[in-house]
Amino acid sequence: MEKQLPGTSLEPEEMAEMVLKKALSDYRRAQIEKEIDDSLRNRDKDEFLRLTEILKGIS
C-alpha cells in the first residue's frame with residue numbers, strides 16, 4: 001500500500017487520475033470553444049447551436 005498524499009485522503013493514483021481527467025476536460029473545452037469561434041466566423045448558426053449544447057454538457 002502506498003502512502004497518501006500529504007493533506008489529502010487520496011492515494012497518488014487517485015490524484016493522478018483526477019489531474020488527467022481535468023486536463024482532458026480543459027482540452028476538450030478549449031477545442032469546442034475554438035470550433036464555436038470558427039462557426040461564428042463562418043456564420044454557421046446550426047453548428048454554433050450544436051457546439052454550444054455540447055459545451056453546456058461539459059460545463
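- Contact annotation: the side chain of R41 approaches that of D38 to within less than 4.5 Å [non-hydrogen atoms, C-beta and beyond].
- Between R29 and the choices L55, L24, I54, the side-chain contact (heavy atoms from CB on, under 4.5 Å) rule is met once, by L55.
- Distance check, rounded to the nearest 0.5 Å: OG of S39 to NZ of K45 gives 12.0 Å.
- When all heavy atoms of I36 and L51 are compared, the closest pair comes out as CG1-CB, 3.5 Å.
- With S25 contributing its side chain and K21 its backbone, the two residues share no donor-acceptor pair below 3.5 Å.
- Taken to the nearest 0.5 Å, the CZ atom of R28 stands 11.5 Å off from the CD atom of E33.
- Applying the under-4.5 Å side-chain rule to Ile, Leu, Val, Met, Phe, Trp and Tyr, the cluster around Y27 consists of that residue alone.
- Contact between D44 and E47 at its shortest, heavy atoms only, is OD1-N, 3.1 Å.
- In plain terms, the two heavy atoms of K56 and E53 that are nearest each other are NZ-OE2, 3.0 Å.
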